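Structure first, commentary second.
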Amino acid sequence: MKKKHFQRLIKDKLKGYHLFVLSNREPYIHNWNEDRIECIRPASGLTIALDPMMRACGGAWIAHGSGTADRDTVDNNQKVRVPPEDPQYDLKRVWLSKEEEEGYYYGFSNEALWPLCHIAYTRPVFRLSDWEYYKKVNYLFAEAILEEIGNERPLIFIQDYHFALLPRIIKERRPDALTVQFWHIPWPNPEAFRICPWKKELLEGLLGNNLLGFHIRYHCNNFIDTVDRELEARPDRERSSIVYKGKTTYVRHFPISIDFDAIDESTRKREVEEETKRLKTKYHLFDKIIGVGVDRLDYTKGIPEKFRAIDFFLDQNPEYKKRFVYIQLGAPSREHIPSYKQINDEIDESVERINWKHRTEHWSPILFLREHIPFLSMLAFYKMSNFCMVSSLHDGMNLVAKEYIAAKTDSDGVLILSRFTGASRELNEALLVNPYAADEFAQTIKEAIEMTPEEVSRRMKKLREIVRERNIYRWANQILTKAIQIS
Ligand code: GDG
């Protein structure tokens, strides 16, 4: 679906509704840089995905104001028009104290719910104080929205696991609100979920939604099974819905995607070509077989597993020494949570060990760049690479896999993709791997490198057709269309 087509369609469908998007992370952050204010776009799948939809529809996006200059850029209603270069919608900021942010965001959202929903063998931490802050912040965000609701019927599109309680709070005050929530991470099976001490409150909160979306059918089924186990509710598996206290919540899957055309066009720019040359010179990459990976530094992304596979690959195929470089881009994330410190240490340790083991005087196999790199440089890395590795141990969707495909304008790259990502359900022409199985993973790296150019091109062309067609506009259109249909 083309952006323009989507804009026309959705404007028409949303007549009579006032659209609100709600997420923890802002789509635009204002920061002080010495005596100048600069605006950045953060590295998060969901903000990158939803900004194009808001640009198309207008309305208000409500999010936590986290930038050092955020307070200096809002009006009296805590709002600023964005995008800065071409304002098209309101960003309303909610302010949190350090304690609130610590308890709600780092604590309950990311030390309890994140590991609870991802089966990556990191234990969730359930602290009563974090839970209290989570409840409080859900109320704060609900207030911020309720202040904005006017006479038009509100359509509130809630993002993610930070706001499981919010739909019920809104519904108590505004029963006419149409609430839709998209859960960007997996939903685990009932056995995994049952350990949460506040499981009933979370489920009741989510059942305040008219429509609840997940990336894949499997997560919908897990959610319905969990509700069936924990609450006196009536699940209807045929219609994929749940009736609880007389109200119906529809549960549907909507695989999220990217703005294919925007990435495709950006990658064709001369700046990206120039950046490719600059990076190849800087890191001595001419004449090398190049692998690339882009991840937030998170224990669910399977980064040490990639390094282990490279170690195996070089042990088994020493003829590739000096001819091959794997570049891992890692944007720092949630750094002061202990499990994240641990994964960062583990990554450093394994890069050091594997590079030491295989290195020669002028060559090391892994180039690890721990930084948030500019978008165009990321495209340049994609463009120059022979293959990309996405090795998540568990991932709702994974947008990097789709971005890589969109950036491969010459169809000259292979995608190696973990079977445990939502993306693997759609991207059949990728080489699918189990990241835990280092030997199989190493074999797959070899297969990617040795694949004939014809086969590389055949696979990538098919992948590009899939992602071009199933893009972010189709995703947004499908969710909003469904919401309006059931309202
Ligand atoms: C969650 C779910 C789901 C990363 N490093 C840099 C950078 N990035 C960008 C990527 C991509 C995004 O961040 C990461 O998105 P993912 O989808 O891969 O992963 P999560 O952040 O875990 O997202 C996930 C997603 O929500 C959407 O529903 O797919 O399953 O976990 O867009 O490009 N961007 C730049 N520099 C970096 O260094 N510019």
Side-chain angles (χ1 to χ4, degrees), residues 21 23-25 27 29 40-53 109-110 113-120 157-162 181-188 213-216 218-219 253-260 262-263 266-267 272 275 279 292-303 327-334 340 343 368-382 388-407 415 417-418 420-427 467 470-472 475-476 479:
V21 163
S23 69
N24 171 68
R25 184 75 70 93
I29 303 180
I40 60 157
R41 302 183 62 186
S44 130
L46 87 92
T47 54
I48 288 163
L50 287 171
D51 180 64
M53 180 192 84
S109 298
N110 286 319
L113 286 177
W114 179 269
L116 180 70
C117 292
H118 288 94
I119 309 300
F157 190 9
I158 306 162
Q159 304 306 316
D160 236 347
Y161 58 100
H162 311 91
Q181 187 155 10
F182 191 77
W183 193 265
H184 288 259
I185 62 176
W187 190 276
F214 295 96
H215 292 295
I216 59 173
Y218 183 62
H219 300 154
H253 66 289
F254 304 99
I256 205 168
S257 193
I258 54 158
D259 188 341
F260 181 94
I263 293 182
S266 302
T267 315
V272 173
E275 180 66 355
L279 292 167
V292 71
V294 178
D295 300 276
R296 272 187 312 101
L297 292 172
D298 193 294
Y299 53 82
T300 60
K301 300 294 181 185
I303 300 167
I327 305 162
Q328 176 66 50
L329 310 179
S333 181
R334 306 171 194 169
Y340 285 76
I343 190 70
F368 174 47
L369 303 177
R370 186 198 301 277
E371 58 189 292
H372 177 258
I373 65 153
F375 182 64
L376 286 184
S377 308
M378 184 174 82
L379 296 183
F381 277 115
Y382 286 154
C388 174
M389 290 205 269
V390 173
S391 59
S392 310
L393 306 180
H394 200 187
D395 214 329
M397 173 53 64
N398 193 286
L399 294 178
V400 170
K402 295 187 174 181
E403 288 165 1
Y404 182 69
I405 292 167
L415 175 64
L417 179 61
S418 161
F420 312 133
T421 58
S424 70
R425 310 285 166 120
E426 293 174 88
L427 305 178
V467 183
R470 300 186 192 177
N471 63 16
I472 184 64
W475 174 81
I479 296 186

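Positions are given from 1, in the same order as the sequence printed here. As the structure is a computational prediction, the values presented were derived from the model and not from experiment. Counting convention: from 1, in listed order, for ligands and their atoms alike.
Of the listed residues (Lys301, His184, His394, Arg370), the one carrying the non-hydrogen atom nearest atom 20 (P) of ligand 1 is Lys301. The closest heavy-atom contact to atom 24 (C) of ligand 1, among the options Leu399, Ile258, Thr421, Asp395, comes from Asp395. Of the listed options Val294, Ile256, Ile263, Val294 places a heavy atom closest to atom 5 (N) of ligand 1.
For ligand 1, one of its N or O atoms has an N or O atom of Arg296 under 3.5 Å away. For ligand 1, none of its N or O atoms has an N or O atom of Phe182 under 3.5 Å away. The shortest N or O to N or O distance between His118 and ligand 1 is not under 3.5 Å. Polar contact with ligand 1: absent for Met378 (N/O pair, distance under 3.5 Å).
Side-chain atoms of Leu393 and Ser418, non-hydrogen and from C-beta on, never get closer than 4.5 Å to each other. In this structure, the side chains of Asp295 and Val400 stay at 4.5 Å or more apart for every pair of heavy atoms. His372 is not listed as a side-chain neighbour of Ile40, based on a closest heavy-atom distance of 4.5 Å or more.
Screening Leu329, Val294, Thr267 for a side-chain contact (heavy atoms from CB on, under 4.5 Å) with Tyr382, the sole residue that qualifies is Val294. For the side-chain contact (heavy atoms from CB on, under 4.5 Å) with His215, the qualifying choice from His184, Glu426, Arg425, His253 is His184, the only one to do so.
Listed by atom number, the atoms of ligand 1 under 4.0 Å from Glu403 heavy atoms are 10 (C), 11 (C), 32 (O), 33 (O). Annotation for ligand 1: atoms under 4.0 Å from non-hydrogen atoms of Phe375 are 39 (N). Atoms of ligand 1 found under 4.0 Å from any heavy atom of His215, numbered from 1 in the order shown, are 3 (C), 28 (O). For ligand 1 and Gly396, the ligand atoms under 4.0 Å from any heavy atom of the residue are 30 (O). For ligand 1, the atoms sitting less than 4.0 Å from at least one non-hydrogen atom of Ala331 are 5 (N), 38 (O), numbered in the order shown with element in parentheses. Residue-ligand proximity, Val400 to ligand 1, at heavy-atom distances under 4.0 Å covers atoms 10 (C), 18 (O).
Note: Trp114 and Tyr161 have tilted aromatic rings, judged against thresholds of 30 and 60 degrees for the angle between ring planes.
Residue Trp114 places a heavy atom under 4.0 Å from ligand 1. Assignment of Ile373 to the shell around ligand 1 is supported, since a heavy atom sits closer than 4.0 Å. At a 4.0 Å cut-off, at least one heavy atom of Glu371 sits close enough to ligand 1 to count as contact.
A donor-acceptor contact shorter than 3.5 Å is absent between the side chain of Lys402 and the backbone of Ala423. Using a distance-only test at 3.5 Å, with no hydrogens or angles considered, no donor-acceptor pair links the side chain of Ser23 to the main chain of Ile158. With hydrogens and angles disregarded, a donor-acceptor distance shorter than 3.5 Å links the side chain of Ser391 to the backbone of Gly302.
By the 4.0 Å N-to-carboxylate-O rule, Arg25 lies too far from Asp160 to be salt-bridged with it.
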